2 protein chains.
Amino acid sequence: MEKMQGGAKGRNGAAGRAERPLQRDPERTRASILAAATQEFAENGIGGARVDAIAERAGINKRMLYHYFGDKEQLYLAVLEEAYVGIRTAEKSLNLSDLEPEQGIAELAMFTWGYFLEHPEFLSLLGTENLHRARWLRQSTRLKELHSSFIDKLSDLLQRGRKEGLFRPDVDPLNLYLTIAALGYFYLSNQYTLSTIFGRDLMDKSNLDVWKRHIVHVTLASIRG
Amino acid sequence: MEKMQGGAKGRNGAAGRAERPLQRDPERTRASILAAATQEFAENGIGGARVDAIAERAGINKRMLYHYFGDKEQLYLAVLEEAYVGIRTAEKSLNLSDLEPEQGIAELAMFTWGYFLEHPEFLSLLGTENLHRARWLRQSTRLKELHSSFIDKLSDLLQRGRKEGLFRPDVDPLNLYLTIAALGYFYLSNQYTLSTIFGRDLMDKSNLDVWKRHIVHVTLASIRG
DNA sequence: CCACAAAGTAACCGATTAGTTACTGGCTTG
DNA sequence: CAAGCCAGTAACTAATCGGTTACTTTGTGG
């Protein structure tokens, strides 16, 4: 892999222009397959996703897809892994330990909501993975090591709040995180059936804003001592 | 359709026994196709479901499936409609207007949780339907008329609570219902990825009990004035 | 500068899958 | 009791889909 990077630098010696796309570019090909597959799997699930559609979306020959990823299932696994890496990476930008307890919880809730809102494909992939009882997640050694350090940080935050007499003494950090995630996930992933049944456009800007504040309110109300 | 019902009554004239299965029984065949299809669609989504698998599960010839339901998509729609009718029917057994406001909210929360817990196939079908942006739900005239009368009842309950000074004045009934549904739906439908990532068996009896109480607690804490 | 490995293409293949055709057999109705 | 309709069967088909084969092109290291 490192060899490739070295090779890619000295390209296009004639004009020095980086604009002309290389005729052969493994990294770019791999990345565009992954991006196309993410879209396709998110839109259609694993059973509905079409290998030919992914190839077409990526603008590559189907053979390359097998060249880089083995088969459809391994490609799906790569997509899933990348999606989890994405949210765990973004989480790191949150610095809960510097904040007041209540503010920290509010920030965590708003961050989670914001990430879900901006990454519908992540929610969709979670849904697909759960439909299959985490069949691929369970077999991924890479993802099992990746489990969130959130819970530890959250635990500290709760303990600080408890000492200041702000929070109830029996708050479980995992349950708190599940509460935050549940309120965001359900609202967004079920938006289509909910909007249809209740006749209210949940994705309307003002409704989204109300729900964001709602999540913070519910979360804090449930843990205050 | 009405003809069928009339014809089915006078069956088995010879022995009068209802136990011996009829050689030909439209209602039973239709019902077993629907039950088998519910399982298959819930387990595999619409793209992953196999018509042959449904036929085998139902113990019928594939031709019958097309005979009764037209094609795969119409069969899926029938399954979805039946699933919604199921929960709306169960909802009617709840009599919120007879209860104290706080008790009423608690009952609603526990009912919703209990129904989700006992009907995983309903949650799965919701997930599938949302993956496809409510494509079938939106085209179902039957389901659009069925939308929950919960919201109205819930509205009354909230107003009563408000008058007694128990609840905050600005509680939106739909948002309250979404909160209750979100906490139940996310915990159960995402149990596989969550249990894997956080290393805790969410379906353990005691954890289920904790979460049930948690839903009631969170819901009430968020609306108390 | 050329040999070799890796990137890339096009055409193909066997298996699967949704849906059909052509038929049999049993129940009801006149 | 006969006629006709409808439940039910088995075998088939056309199309789709995941995956492969056989081949060409491109870049790079000895």
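As the structure is a prediction and not an experimental result, all values here were calculated from the model. Numbered from 1 within each chain, the chains take letters A, B, ... in sequence-line order.
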Between A/Y68 and A/Q74, does the side chain to side chain donor-acceptor pair (under 3.5 Å) criterion hold? Intermediate values first, please. CA-CA 10 Å; A/Y68 286 106; A/Q74 286 175 263; over 6 Å; no
Can you check the [X] [atom1] to [N] [atom2] distance for me, whole Å?
X     : N      : atom1 : atom2 : answer
B/E56 : C/dT16 : CD    : P     : 14 Å
B/I33 : D/dA7  : CD1   : P     : 11 Å
B/F69 : C/dA18 : CZ    : P     : 16 Å
A/E27 : C/dA6  : CD    : C1'   : 14 Å
A/H67 : D/dC23 : NE2   : C1'   : 14 Å
B/N44 : C/dA18 : CG    : P     : 11 Å

N/O (side chain, A/T29) to phosphate O (OP1/OP2, C/dA7) under 4.0 Å: no
State whether A/Y68 places a side-chain N or O below 4.0 Å from either non-bridging phosphate oxygen (OP1 or OP2) of C/dG8. yes
Polar contact flag, side-chain donor to acceptor under 3.5 angstrom, A/H214-B/S222: no
Does the protein touch nucleotides 9-22 of chain D at the base, only the backbone, or not at all? Give it as B, S and - per nucleotide, heavy atoms under 4.0 Å. BB------SBBBB-
Below 3.5 Å, can you tabulate the donor-acceptor pairs from side chains in residues 53-60 of chain B to any protein atom, sequence neighbours excluded?
| unit_1 | atom_1 | unit_2 | atom_2 | d |
| --- | --- | --- | --- | --- |
| B/R57 | NH1 | B/E40 | OE1 | 2.7 |
| B/R57 | NH2 | B/E43 | OE1 | 3.2 |
| B/R57 | NH2 | B/E43 | OE2 | 2.8 |

Would you call B/E27 and B/R30 a salt bridge, using N to O less than 4.0 angstrom? no
Determine whether more than 12 heavy atoms belonging to other residues, nucleotides or ligands lie under 6.0 Å from atom CZ of A/R133. no
Would you say that A/I87 contacts A/F116 through its side chain, given a criterion of any heavy-atom pair below 4.5 Å between the two side chains? yes
